[in-house]
Amino acid sequence: MSEQIRTRFAPSPTGSMHVGNAHTALFNWLFARNNGGAVVLRIEDTDELRSTPEALDVIYGGLKWLGIDWDEGPDIGGPYGPYIQSQRLELYEQKVNELVEQGKAYRCYCTPEEVQQRREIMRAQGLPPKYDSRCRTLTEEDCAELSAEGRQPCTRFKMKQTGNTIVNDIIQGEVVYDNNLCGDPVILKQSGFPTFHLAVVVDDAAMSITHVIRGAGHLPNTQIHLQLQEALELPHPRYAHLPLILGEDRTKLSKRHGAVSVMEYQELGYLPEAMFNFLVLLGWSPGDEQEIMPRDEIVSRFSLEACNKAASVFDLKKAEWMNGEYMKQMEPAELAERVHPWLVAAGLIEEELFGKRWQWLIKIVELMQERAKLLKTYTTWARYFFTDDYEYENRARKKWLNKEATVDVLERLGDGFEALDEWNAETVESVIRGLAEEMGLSAGKVIHPCRAAVTGTTIGPSLFHLLVLLARDDVVARLRRTARLSRDGELAPTGDDADEE
RNA sequence: GGUCCCAUAGUCUAGGGGUUAGGACUCCGCUCUUUCAAGGCGGCGACACGGGUUCGAAUCCCGUUGGGACCA
């Protein structure tokens with residue numbers, strides 16, 4: 001008989017989906033899917049004002065974007081609901097009362113300020129800054145007196161004061177904590193809300209969670225959870241603490257490191273499958289040299305035992321590279337579908353595309369498929385395909401457009417194109433090369449000015465193939481317009497980097 | 001400050017007593033070409049340090065240093 005594996009992902013509804021959270025969700029999902037287990041989505045909102053529908057949507061959206069699904073959760077229900085902690089308050093209260101009645105927890109009348117103050121003193125003395133347990137020994141009269149002062153109690157759990165608590169972690173191994181060093185944690189706040197410690201323990205058990213997979217930041221909390229489970233006579237789940245994801249400066253990833261929420265990566269033009277692949281490689285490796293792997297393969301090869309203990313730095317450059325790789329592997333038609341919304345948002349193309357126009361877009365996408373690294377890249381690099389309103393870059397101005405010889409080349413090229421019977425890559429190329437020969441120039445001396453004139457830039461895909469994706473009339477018009485501007489001296493380098501080479 | 005965790009190049013990692021320490025990103029160079037932001041080729045670059053254990057340590061142990069996490 002094998003127990004049904006159940007993992008859970010338990011975010012707080014903060015209104016954004018941090019990549020660290022996404023990483024944790026991903027590993028829970030991978031472990032469950034690899035083992036034919038279930039994934040539970042639980043919202044831990046006992047600390048927040050309450051979850052708002054918007055905050056929930058952010059979580060759902062982030063997970064769905066990455067392709068992480070769940071078997072039970074607030075939106076789809078399940079046999080262990082409700083899945084939002086603020087809807088489970090009676091349960092926590094009942095458990096807390098149970099502990100108090102059994103003498104395993106007690107009311108504490110110290111204010112947060114007092115506790116904080118004493119902690120500072122202990123720290124200054126070089127002592128472990130834990131709660132000093134002074135309310136443990138309060139009598140009923142003491143309590144009544146303190147209440148009369150207007151104090152609202154919180155409830156603290158009595159931690160063992162001797163011996164060790166051993167966490168046996170699948171990833172971190174055996175970690176030993178000295179019970180004497182841990183103060184009694186609050187389990188029920190003055191407000192009557194449970195703390196994280198109580199709620200996780202109660203819910204993990206109530207939801208039959210077999211494996212708690214979470215960030216390594218929770219490792220020290222686990223000693224509390226283990227003791228709480230014992231006191232409540234609940235089973236211990238297995239624990240796996242994942243290495244943290246850090247920013248470039250090796251501190252916890254936060255806003256000042258740039259994009260930290262998964263949706264920001266979507267907005268930057270990342271493909272979810274690339275993000276998925278990138279994230280899984282932070283803290284896990286298949287053991288060989290494979291890096292880019294389809295989702296199925298990741299699922300089948302995944303294991304918690306193969307996870308790393310060391311924290312990792314989120315390397316944006318590598319994520320970008322990987323995204324580019326995914327874009328290259330894609331069918332042009334599919335990539336075009338992904339790129340299309342970006343072009344629409346940039347006002348470059350209409351939302352409804354029909355047959356020929358789709359085919360045209362696919363060709364454009366394909367032309368740049370090798371070099372674009374993000375979906376968003378198309379809105380800038382491919383801009384000139386969709387509008388005549390593009391900038392002449394300084395490099396193009398300096399190298400070609402601001403030179404006298406260019407005017408003639410552009411004009412004659414325009415004439416040559418105009419005279420063409422057919423507009424295709426071969427005919428275009430022959431005009432360009434023919435003109436170069438006629439003028440006694442190398443082909444590059446025609447190609448580069450032409451590119452600069454028609455696209456405004458000095459770099460891009462094959463010029464011949466690019467030109468034929470534009471209407472011939474447009475190309476001719478652009479050549480003539482550019483020639484005129486050049487002659488009028490309008491194309492001198494501008495701006496701060498005008499002198500830069 | 002206390003406790004815990006971690007330590008292979010700038011970054012992600014493989015390896016785990018005997019290896020020329022492998023791969024990937026980045027960076028640099030060369031090359032192809034019609035440009036590079038793409039392709040091809042190549043290069044720089046690592047076992048944090050000090051002690052042990054051992055015939056032999058990057059690998060095991062201890063310490064130091066550094067980093068991180070937690071301490072409502």
Side-chain angles (χ1 to χ4, degrees), chain A residues 46-47 108 112 115-116 119-120 122-131 154 156 167 169 171-173 175-178 180-190 193-198 215-224 241 243-246 248-252 278-292 306 308-322 324-325 328 367-373 377 380-381 395-396 399-400 429 432-433 436 442-452 455 457-466:
Chain A
T46 60
D47 221 23
C108 167
V115 173
Q116 182 62 28
R119 166 173 297 127
E120 292 307 330
M122 294 170 95
R123 180 176 297 191
Q125 293 173 341
L127 296 166
K130 59 174 191 176
Y131 175 66
C154 66
R156 287 181 186 273
V167 180
D169 193 275
I171 296 171
Q172 307 291 334
V175 183
V176 180
Y177 289 97
D178 183 343
N180 188 233
L181 266 20
C182 185
D184 295 338
V186 175
I187 51 176
L188 196 70
K189 298 181 245 184
Q190 290 177 341
F193 271 65
T195 59
F196 160 75
H197 298 306
L198 194 266
H218 286 300
L219 189 57
N221 292 331
T222 310
Q223 57 181 322
I224 297 171
H241 286 91
L244 259 17
I245 300 179
L246 310 175
E248 283 162 52
D249 59 356
R250 300 214 136 259
T251 63
K252 213 174 176 184
F278 177 73
L279 246 23
V280 76
L281 259 15
L282 255 29
W284 177 80
S285 133
D288 59 21
E289 269 142 34
Q290 278 280 166
E291 288 203 305
I292 295 188
N308 235 197
K309 289 179 169 189
S312 52
V313 172
F314 190 94
D315 182 3
L316 200 64
K317 278 274 174 41
K318 186 155 184 176
E320 223 176 273
W321 163 80
M322 187 168 281
E325 291 303 302
K328 279 186 216 173
L367 207 52
M368 299 210 160
Q369 191 168 5
E370 280 218 324
R371 48 197 90 208
K373 288 202 163 54
T377 307
T380 51
W381 288 5
R395 191 171 300 169
K399 262 192 125 166
W400 307 106
E429 180 168 3
I432 290 173
R433 293 198 189 280
S442 66
K445 289 268 169 27
V446 177
I447 289 170
H448 300 315
C450 178
R451 178 191 298 281
T455 72
T457 178
T458 56
I459 52 192
S462 158
L463 181 70
F464 313 134
H465 296 89
L466 164 177

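Numbered from 1 within each chain, the chains take letters A, B, ... in sequence-line order.
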Legend entry - Closest to side chain of A:I447, choosing from B:rA72, B:rC4, B:rU34: B:rU34
Legend entry - B:rG18 versus B:rU59 - spacing of their P atoms, nearest Å: 11 Å
Inset, instruction - Provide the Watson-Crick or G-U wobble partner of B:rG29, both distances under 3.5 Å; none if there is no partner. - result: B:rC41
Inset, instruction - For the residue pair A:K318 and A:L281, establish whether any side-chain heavy-atom pair is separated by less than 4.5 Å. - result: no
Inset, instruction - Quickly work out the A:H465 NE2 to B:rU34 P distance and round it to whole Å. - result: 13 Å
Legend entry - Nearest-nucleotide comparison on RNA chain B, the residue closer to the 5′ end among A:V175 and A:T457: A:V175
Inset, instruction - Among B:rG68, B:rA38, B:rU34, find the nucleotide with the atom closest to the side chain of A:K373. - result: B:rA38
Legend entry - Heavy-atom side-chain contact between A:L188 and A:L198 under 4.5 Å: no
Inset, instruction - For A:K328, answer base if it contacts any base atom (sugar-phosphate contacts may also be present), sugar-phosphate if it contacts only those atoms, and nothing otherwise; contact means non-hydrogen atoms under 4.0 Å. - result: sugar-phosphate
Inset, instruction - Please measure how far the C1' atom in B:rG15 lies from the corresponding atom in B:rC49, and state the result in whole Å. - result: 22 Å
Inset, instruction - Take atom CG of A:L219 and atom P of B:rA69, then tell me their distance rounded to the nearest Å. - result: 14 Å
Legend entry - Side-chain heavy atoms of A:T377 within contact of A:R371, under 4.5 Å: no
Inset, instruction - Rounded to whole angstrom, note down the P distance from B:rC47 over to B:rA9. - result: 7 Å
Inset, instruction - In whole angstrom, give the distance that lies between atom CG of A:L244 and atom P of B:rC70. - result: 7 Å
Inset, instruction - Rounded off to whole Å, could you give me the CD1-to-P distance for the A:I171 and B:rG68 pair? - result: 21 Å
Inset, instruction - Using the P atom on both, measure B:rC27 against B:rG10 and round to a whole Å. - result: 15 Å
If you restrict it to nitrogen or oxygen atoms, what contacts under 3.5 Å exist between nucleotides 9-15 of chain B and the protein, and what is each distance?
unit_1: B:rC12; atom_1: OP1; unit_2: A:R250; atom_2: NH2; d: 3.1
unit_1: B:rC12; atom_1: OP1; unit_2: A:V313; atom_2: N; d: 2.9
unit_1: B:rC12; atom_1: O2'; unit_2: A:L281; atom_2: O; d: 3.2
unit_1: B:rC12; atom_1: O2; unit_2: A:K318; atom_2: NZ; d: 3.4
unit_1: B:rU13; atom_1: OP1; unit_2: A:G283; atom_2: N; d: 2.6
unit_1: B:rA14; atom_1: O2'; unit_2: A:G287; atom_2: O; d: 3.3

Legend entry - Base B:rU35 paired with A:T458 side chain (donor-acceptor, <3.5 Å): no
Legend entry - A:R156 (side chain) donor-acceptor with A:C108 (main chain) under 3.5 angstrom: no
Inset, instruction - Answer with base, sugar-phosphate or nothing: what part of the nucleic acid does A:S462 contact at a heavy-atom distance below 4.0 Å? - result: base
Inset, instruction - Report yes or no: does A:T195 contribute a side-chain atom to a donor-acceptor pair with the main-chain N or O of A:V186 at less than 3.5 Å? - result: yes
Inset, instruction - Using heavy atoms to find the nearest nucleotide of RNA chain B for A:A216 and A:T377 separately, return the residue whose nucleotide is more 5′. - result: A:T377
Legend entry - Nucleotide nearest A:W321 when distance is taken to its side chain, options B:rC25, B:rA38, B:rU34: B:rC25
Legend entry - Gap between atom CD of A:E325 and atom CD1 of A:I292 - 0.5 Å precision: 4.5 Å
Inset, instruction - Could you tell me whether A:V446 contacts a base, only the sugar-phosphate backbone, or nothing, with contacts defined as non-hydrogen atoms closer than 4.0 Å? - result: nothing
Inset, instruction - Round to the nearest Å and state the distance from A:K445 atom NZ to B:rU35 atom P. - result: 12 Å
Inset, instruction - Provide the distance between the two C1' atoms, one in B:rC32 and one in B:rA38, to the nearest whole Å. - result: 11 Å
Inset, instruction - Taking A:Q223 for its side chain and A:Y177 for its backbone only, find out whether a donor-acceptor pair lies under 3.5 Å. - result: no
Inset, instruction - Would you mind pulling out the nucleotide paired to B:rA24, Watson-Crick or G-U wobble, both distances under 3.5 Å? - result: B:rU11
Inset, instruction - Measure the distance from CG on A:L181 to P on B:rC71 and round it to the nearest whole Å. - result: 15 Å
Legend entry - Watson-Crick or G-U wobble partner of B:rU34, both distances under 3.5 Å: none
Legend entry - Partner nucleotide, any strand, of B:rG2 [Watson-Crick/G-U, under 3.5 Å]: B:rC70
Inset, instruction - For the pair A:E320 and A:K317, find out whether any cationic side-chain nitrogen is under 4.0 Å from an anionic carboxylate oxygen. - result: no
Inset, instruction - Look at the side chain of A:R451 and decide which nucleotide, out of B:rG68, B:rU26, B:rU35, has an atom nearest to it. - result: B:rU35
Inset, instruction - Quote, to the nearest angstrom, the C1' distance that separates B:rA72 from B:rA57. - result: 45 Å
Legend entry - Atom pair distance, as rounded to whole Å: CD in A:E320 and P in B:rC27: 10 Å
Inset, instruction - Determine which nucleotide pairs with B:rU59, using a 3.5 Å limit on both distances of a Watson-Crick or G-U wobble pair. - result: none
Legend entry - Non-hydrogen side-chain atoms of A:I432 and A:L463 separated by less than 4.5 Å: yes
Inset, instruction - Ignoring backbone atoms, establish whether A:R371 has a side-chain N or O less than 4.0 Å from OP1 or OP2 of B:rG39. - result: no
Inset, instruction - Using Watson-Crick or G-U wobble geometry with both distances below 3.5 Å, tell me the partner of B:rG16, or none. - result: none
Inset, instruction - Would you kindly give the NZ-to-C1' distance between A:K309 and B:rG67, to the nearest whole Å? - result: 16 Å
Legend entry - Identity of whatever pairs with B:rA48 - Watson-Crick or G-U, under 3.5 angstrom: B:rU64
Inset, instruction - Go through B:rU34, B:rA72, B:rG68 for me and flag the one nearest to the A:R156 side chain. - result: B:rA72
Legend entry - Side chains of A:W284 and A:L279 in contact at under 4.5 Å (non-hydrogen atoms): no
Legend entry - Sugar-phosphate, base or nothing in reach of A:L463, heavy atoms under 4.0 Å: base
Legend entry - Integer angstrom distance from the C1' of B:rU26 to that of B:rC61: 37 Å
Inset, instruction - For nucleotides B:rG1 and B:rA48, find the distance between their C1' atoms and express it as a whole number of Å. - result: 25 Å
